[in-house]
Amino acid sequence: MKYSKPRGTRDFLPGEMAARRYVEQMIRRVFIRFGYKEIATPTFEHLELITAKSGEDIVAHLYHFKDKGGRDLALRPELTAPVMRLYVNELQNSPKPLRLYYFGNCFRYERPQAGRYREFFQAGVELIGSSSPEAQAEVIALVNAVLEELGIREYELHIGNIGILRKILAENGIGEEVQAHIMGVIDKGDEAQLEEELNRLELPEEEKEVILGVLELKGRRGEVVERAEALLAGRESVLKELRSFEEILDALESFGVKNYHLNLGIARGLDYYTGMVFEVYAYKLGAEKQICGGGSYSLAEVFGGKPVATSGFAFGFDRLLLALEKEGVKLPDTERTLFMVIPMGRELVPYAIEVASLVRRSYVCELEVMRRKVKKALAYADAKGIPYVILVGEEIKEGKVLLKDMRAKEQREVNVEELESVLAAIAKGNP
RNA sequence: GCCACGGUAGUGUAGCCUGGUUAGCACAAGGGACUGUGGAUCCCUUAGCCCGAGUUCAAAUCUCGGCCGUGGCCCCA
């Protein structure tokens with residue numbers, strides 16, 4: 001093999017691609033039904049856009065380069081930043097809310113492993129302009145709707161709220177920057193380091209215990225809320241956070257989503273998340289089991305826009321496909337060839353072309369172009385699982401072709417004028 | 001960036017430990033026998049030791065490095 005593909009990239013073969021397109025279409029249909037409109041942004045952006053959102057450290061995980069004009073550019077590592085840039089550039093004065101969706105490839109320079117590639121695909125939405133509970137709940141409901149539509153069963157939806165933690169830290173006079181740093185440590189799940197950081201902030205022992213206690217709040221809603229109320233007793237502003245979180249959950253339940261887990265230990269490590277955050281895990285997947293992540297955030301101002309409440313999420317499209325595969329969900333081949341036209345002699349090729357052109361106006365149809373003998377051409381159709389073959393022989397001169405059912409091993413003569421209606425009947429029986 | 005295991009035609013493999021014939025087999029692919037009818041049979045063809053260096057008279061085989069793959073760690077916007 002002279003050239004191999006770059007590390008962490010993939011070639012997608014025909015059957016696989018048909019399955020990917022099928023899943024992509026299903027996701028799009030659900031997004032569209034919720035009123036989201038597709039947008040697309042460039043494959044690469046200014047490096048600064050990425051670092052503005054995610055910090056300088058991110059550069060180590062980027063594909064970045066200088067173009068011939070000396071500009072620092074980077075292949076997009078995710079789509080939230082480009083979408084919010086687009087919003088700030090073009091759509092700030094559009095009627096609110098804005099419901100936008102995207103589907104695209106992203107690039108990260110990381111060590112490939114199961115469910116992790118250097119070029120991967122994300123599908124997601126941003127709901128811009130509302131901070132209402134129902135707006136926040138809608139994006140979670142949308143995730144749920146997509147997963148139901150796809151038929152994925154083995155997943156867990158975990159919902160958290162970093163507003164509560166932020167509030168406790170703020171009440172202790174801790175600024176937003178340090179808050180963000182603490183969130184990062186929490187996201188890592190390194191308890192020893194978290195203890196250390198909290199000690200460094202010289203928080204009273206009681207405050208530390210409350211913070212650590214909040215992180216332990218996981219489980220069903222009723223139980224978590226009860227424990228949270230006990231833990232946060234007397235802290236009115238923090239309890240207010242909790243109550244507005246509950247309003248989101250109320251709305252979510254109105255949307256019909258009830259099978260979620262609360263987890264107030266989710267931090268998502270991002271300083272622009274403001275309140276509600278959520279993640280979806282497919283436990284059959286192994287180390288890279290998160291198939292979706294999102295929440296409510298404030299990012300427009302980072303890109304020079306007016307602050308605007310936004311909620312959104314991104315699906316790891318490749319992981320969705322892996323999850324479907326692991327669960328044995330059968331995906332239909334949307335590109336299946338239904339018909340094949342075979343000329344029964346060289347002089348009949350022009351007629352065969354005409355017949356194939358006729359069939360191709362409505363159906364997937366292959367034309368024998370290898371100049372093979374009928375026998376070999378039929379063997380090909382058989383090997384490819386093409387269910388119907390149209391043989392073009394001398395009868396074509398009387399306006400007739402032979403229509404062969406490969407599975408039933410039967411064939412009959414059909415007038416070319418009637419072909420369209422005959423094929424329509426066949427296509428109806430072969431969805 | 002780190003760890004483990006792996007890499008022989010398009011695919012799956014034998015050979016590697018114990019260096020030594022022309023690197024074997026199956027399937028797949030293209031062609032042919034078979035003259036207007038598909039899973040059979042026979043024949044032919046195409047096609048391979050991941051790359052590089054080292055050891056050696058001699059390397060698919062031993063050593064080292066790189067690349068790639070699989071899984072895990074770190075990270076995961």
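Just so you know, these numbers come straight off a predicted model, no measurement behind them. A note on names: the letters A, B, ... follow the listed sequences, proteins ahead of strands, and every chain is numbered from 1.
Checked by distance alone, R371(A) brings no side-chain donor or acceptor within 3.5 Å of a matching partner on the base of G31(B). Side-chain atoms of R108(A) and base atoms of C75(B) include no donor and acceptor less than 3.5 Å apart. Judged by distance alone with a 3.5 Å cut-off, no donor-acceptor contact links the side chain of K375(A) to the base of U37(B). Put simply, the side chain of R111(A) and the base of U70(B) share a donor and an acceptor less than 3.5 Å apart. Checked by distance alone, R116(A) brings a side-chain donor or acceptor within 3.5 Å of a matching partner on the base of C76(B). Between the side chain of Q411(A) and the base of U37(B), a donor-acceptor pair under 3.5 Å is found.
With respect to R33(A) and E149(A), a salt bridge is recorded, a charged nitrogen being found less than 4.0 Å from a carboxylate O.
As the counterpart of C74(B), no nucleotide is assigned, since no Watson-Crick or G-U wobble pattern has both distances under 3.5 Å. Remark: C42(B) base-pairs with G32(B). Criterion, Watson-Crick or G-U wobble with two distances under 3.5 Å. Across all strands shown, U13(B) pairs with G24(B); the Watson-Crick or G-U wobble distances both stay below 3.5 Å. Pair assignment for U18(B): none, as no Watson-Crick or G-U wobble contacts are both less than 3.5 Å. Applying the Watson-Crick and G-U wobble criteria (two distances, each under 3.5 Å), C62(B) pairs with G54(B). With a 3.5 Å ceiling on both atom-pair distances, the Watson-Crick or G-U wobble partner of C5(B) is G69(B).
Within the nucleic acid shown, A379(A) comes within 4.0 Å of sugar-phosphate atoms alone, with no base atom in reach, counting heavy atoms only. Counting any heavy atom pair closer than 4.0 Å across all strands shown, L391(A) reaches a base atom. Using a 4.0 Å heavy-atom distance criterion, E395(A) is classed as a base contact. In this structure, E288(A) reaches the bases: a heavy-atom distance under 4.0 Å links it to at least one base atom across the strands shown.
Comparing K376(A) and E394(A), the nucleotide of RNA chain B nearest to each residue sits closer to the 5' end for K376(A). Two residues, G8(A) and Y109(A), neighbour RNA chain B, and the one matched to the more 5' nucleotide by heavy-atom proximity is Y109(A).
Enclosure of atom CZ in F44(A) is not indicated, since only 12 or fewer non-hydrogen atoms of other residues, nucleotides or ligands lie within 6.0 angstrom. At most 12 non-hydrogen atoms from other residues, nucleotides or ligands lie less than 6.0 angstrom from CZ of R220(A).
Taking side-chain N and O atoms only, K409(A) has no distance below 4.0 Å to OP1 or OP2 of U37(B). One finds a side-chain N or O of R372(A) lying less than 4.0 angstrom from the OP1 or OP2 phosphate oxygen of G30(B).
Here C34(B) presents its C1' atom at 15 Å from CE of M344(A), a figure rounded to the nearest Å. Spacing between atom CD1 of I186(A) and atom P of C76(B) amounts to 14 Å, rounded to whole angstrom units. What separates CD1 of I58(A) from P of A77(B) is a distance of 9 Å, to the nearest Å. For M370(A) and G32(B), the CE to C1' distance is 14 Å, given to the nearest whole Å. The separation between R412(A) atom CZ and G36(B) atom C1' is 20 Å, rounded to whole Å. Taking atom CG of L402(A) as the reference point, atom P of U37(B) lies 12 Å away to the nearest angstrom. Summarising the geometry, the separation between CZ on R346(A) and C1' on U35(B) is reported as 14 Å, rounded to the nearest angstrom. Remark: P of A77(B) and CD of E56(A) are 18 Å apart, rounded to the nearest angstrom.
F65(A) and Y63(A) have their aromatic ring centers separated by at least 6.0 angstrom.
Heavy atoms only, all atoms of each residue included: Q290(A) and C292(A) are closest at NE2-O, 3.2 Å.
Taking atom C1' in both G38(B) and C50(B), the straight-line distance is 40 Å, to the nearest Å. Between C16(B) and U35(B), the distance separating the two P atoms is 48 Å to the nearest Å.
Remark: R118(A) qualifies as a cation-pi partner of Y109(A) under the 6.0 Å distance and 45° angle criteria applied to the six-membered ring.
None of V143(A), L150(A), N144(A) except one satisfies the side-chain contact (heavy atoms from CB on, under 4.5 Å) rule with V146(A); the exception is L150(A).
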